[in-house]
Amino acid sequence: MNTNGFGRPRELLPAAGEFRIKFSTWRGERPFWAGLFTTVAGLPILYWPYAHLDPAGVPLALSTTSGAGSLVIGVLLLALGVALWFRPHLRVFAGIATLLLALVSFPVANFGGLFLGVASGLIGGSLACAWMPPAADEPSNRPSDRTAPAVQAGEDGSGA
C-alpha cells in the first residue's frame with residue numbers, strides 16, 4: 001500500500017480536503033462562532049464550583065451554594081451553543097437567552113466562572129443576535145467556484 005510520510009494511506013488526503021470544503025460550507029450557513037463562544041461560556045461556569053484545586057498544598061475550593069445555579073446555567077449555555085449550530089433559525093432566541101444567562105451567572109455562579117463565562121457568553125450572545133443567514137442568491141464560497149476556467153492559446157478573443 002502506498003503511504004505518505006506519516007504512514008497513512010494516500011486516499012485519506014483527498015478526503016480531508018473534501019471534508020474541509022464541506023465543513024466550511026456548513027459553517028457558513030449557521031452562526032458557528034456564536035455557538036462556539038456560547039458553548040465555551042458554559043464550561044468555566046460549570047467547572048469552578050466543582051473544582052478542588054490544591055496549589056502548593058493549600059486547598060482551594062470554590063464550592064458554594066451556587067453549585068446548583070452554576071449547573072443549571074452551564075448546561076443551558078452548552079445546550080444553547082449546540083442549538084445555534086444545529087437550529088440556526090433559533091438564533092435570536094438563543095442569543096437573547098445567552099445574554100441573559102451570562103449576566104445572571106455573574107452574581108449566581110462565582111462571578112460567572114471568574115469572568116471567563118460572562119465574557120464569552122456576552123460575545124456569543126451578541127454574535128448570535130447579529131448573525132444573518134446568507135442570501136439565497138449569494139454565490140457559494142467554494143474555491144472551485146471562484147477560479148476562472150483556463151483560456152487555451154488562440155481562444156483569448158484577440159483573433160490571433
Side-chain angles (χ1 to χ4, degrees), residues 4 6 8-9 11-56 58-147:
N4 63 8
F6 298 110
R8 293 190 177 112
E11 294 84 32
L12 293 178
L13 295 177
E18 182 179 331
F19 172 77
R20 185 171 168 242
I21 291 171
K22 286 182 180 180
F23 179 72
S24 176
T25 303
W26 178 83
R27 191 181 67 196
E29 295 172 348
R30 58 201 73 241
F32 176 78
W33 292 107
L36 185 68
F37 275 104
T38 301
T39 303
V40 168
L43 297 177
I45 292 173
L46 277 173
Y47 176 75
W48 289 114
Y50 300 105
H52 296 285
L53 306 173
D54 196 11
V58 178
L60 174 67
L62 292 175
S63 299
T64 61
T65 57
S66 69
S70 298
L71 180 67
V72 170
I73 291 171
V75 168
L76 283 174
L77 284 172
L78 290 172
L80 288 169
V82 172
L84 283 168
W85 285 337
F86 295 104
R87 300 284 186 244
H89 61 278
L90 297 175
R91 68 187 183 279
V92 175
F93 168 75
I96 292 172
T98 298
L99 290 170
L100 292 175
L101 285 171
L103 291 174
V104 167
S105 74
F106 186 74
V108 171
N110 296 321
F111 297 116
L114 300 179
F115 302 106
L116 297 172
V118 170
S120 183
L122 291 176
I123 292 169
S126 299
L127 287 173
C129 290
W131 184 80
M132 293 296 293
D137 58 344
E138 259 183 42
S140 76
N141 293 332
R142 294 182 58 193
S144 60
D145 292 343
R146 287 185 272 167
T147 57

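For reference, positions follow the sequence shown, starting with 1.
Contact of the Ile73 side chain with the Val108 side chain is registered, since non-hydrogen atoms from C-beta on lie closer than 4.5 Å. In this structure the side chain of Leu114 never reaches within 4.5 angstrom of the side chain of Pro44, judged on heavy atoms. Considering only heavy atoms from C-beta on, Leu90 stays 4.5 Å or farther from Leu84 through its side chain. Put simply, the side chain of Leu43 reaches to within 4.5 Å of the side chain of Leu78, judged on heavy atoms. A 4.5 Å side-chain heavy-atom check between Phe111 and Trp48 finds every atom pair outside the cut-off. Using a 4.5 Å heavy-atom cutoff, the side chains of Val118 and Ser105 are in contact.
The environment of Trp33 atom CH2 is sparse: at most 12 non-hydrogen atoms of other residues, nucleotides or ligands sit within 6.0 angstrom. A 6.0 Å sphere centred on CZ of Phe23 holds more than 12 heavy atoms belonging to other residues, nucleotides or ligands.
Closest non-hydrogen pair, Ala41 versus Ser120, comes out as N-OG, 3.6 Å. Considering every non-hydrogen atom in both Ala34 and Thr38, the closest pair reads O-OG1, 2.7 Å. When all heavy atoms of Ser70 and Ala109 are compared, the pair lying nearest together is OG-CB, 3.1 Å.
Atom CG of Leu122 sits about 11.0 Å away from atom CG of Leu101, to the nearest 0.5 Å. Remark: Leu80 CG to Trp85 CH2 distance equals 12.5 Å, nearest 0.5 Å. Atom CD1 of Ile45 and atom CG of Leu77 lie 5.0 Å apart (nearest 0.5 Å). The line from CG of Leu99 to SG of Cys129 is 5.0 Å long, rounded to the nearest 0.5 Å. Note that the OG1 atom of Thr25 and the NZ atom of Lys22 stand 9.5 Å from one another [nearest 0.5 Å]. The distance from atom CG of Leu36 to atom CD1 of Ile123, rounded to the nearest 0.5 Å, is 11.0 Å.
Identified under the salt bridge (Lys or Arg N to Asp or Glu O under 4.0 Å) test for residues 23-33, with sequence neighbours left out: none.
In this structure a side-chain-to-backbone donor-acceptor pair under 3.5 Å is present from Thr98 to Ala94. In this structure, the side chain of Ser24 does not engage the main chain of Arg20 through any donor-acceptor pair within 3.5 Å.
For Phe32 and Phe37, the ring centers are positioned 6.0 Å apart or more.
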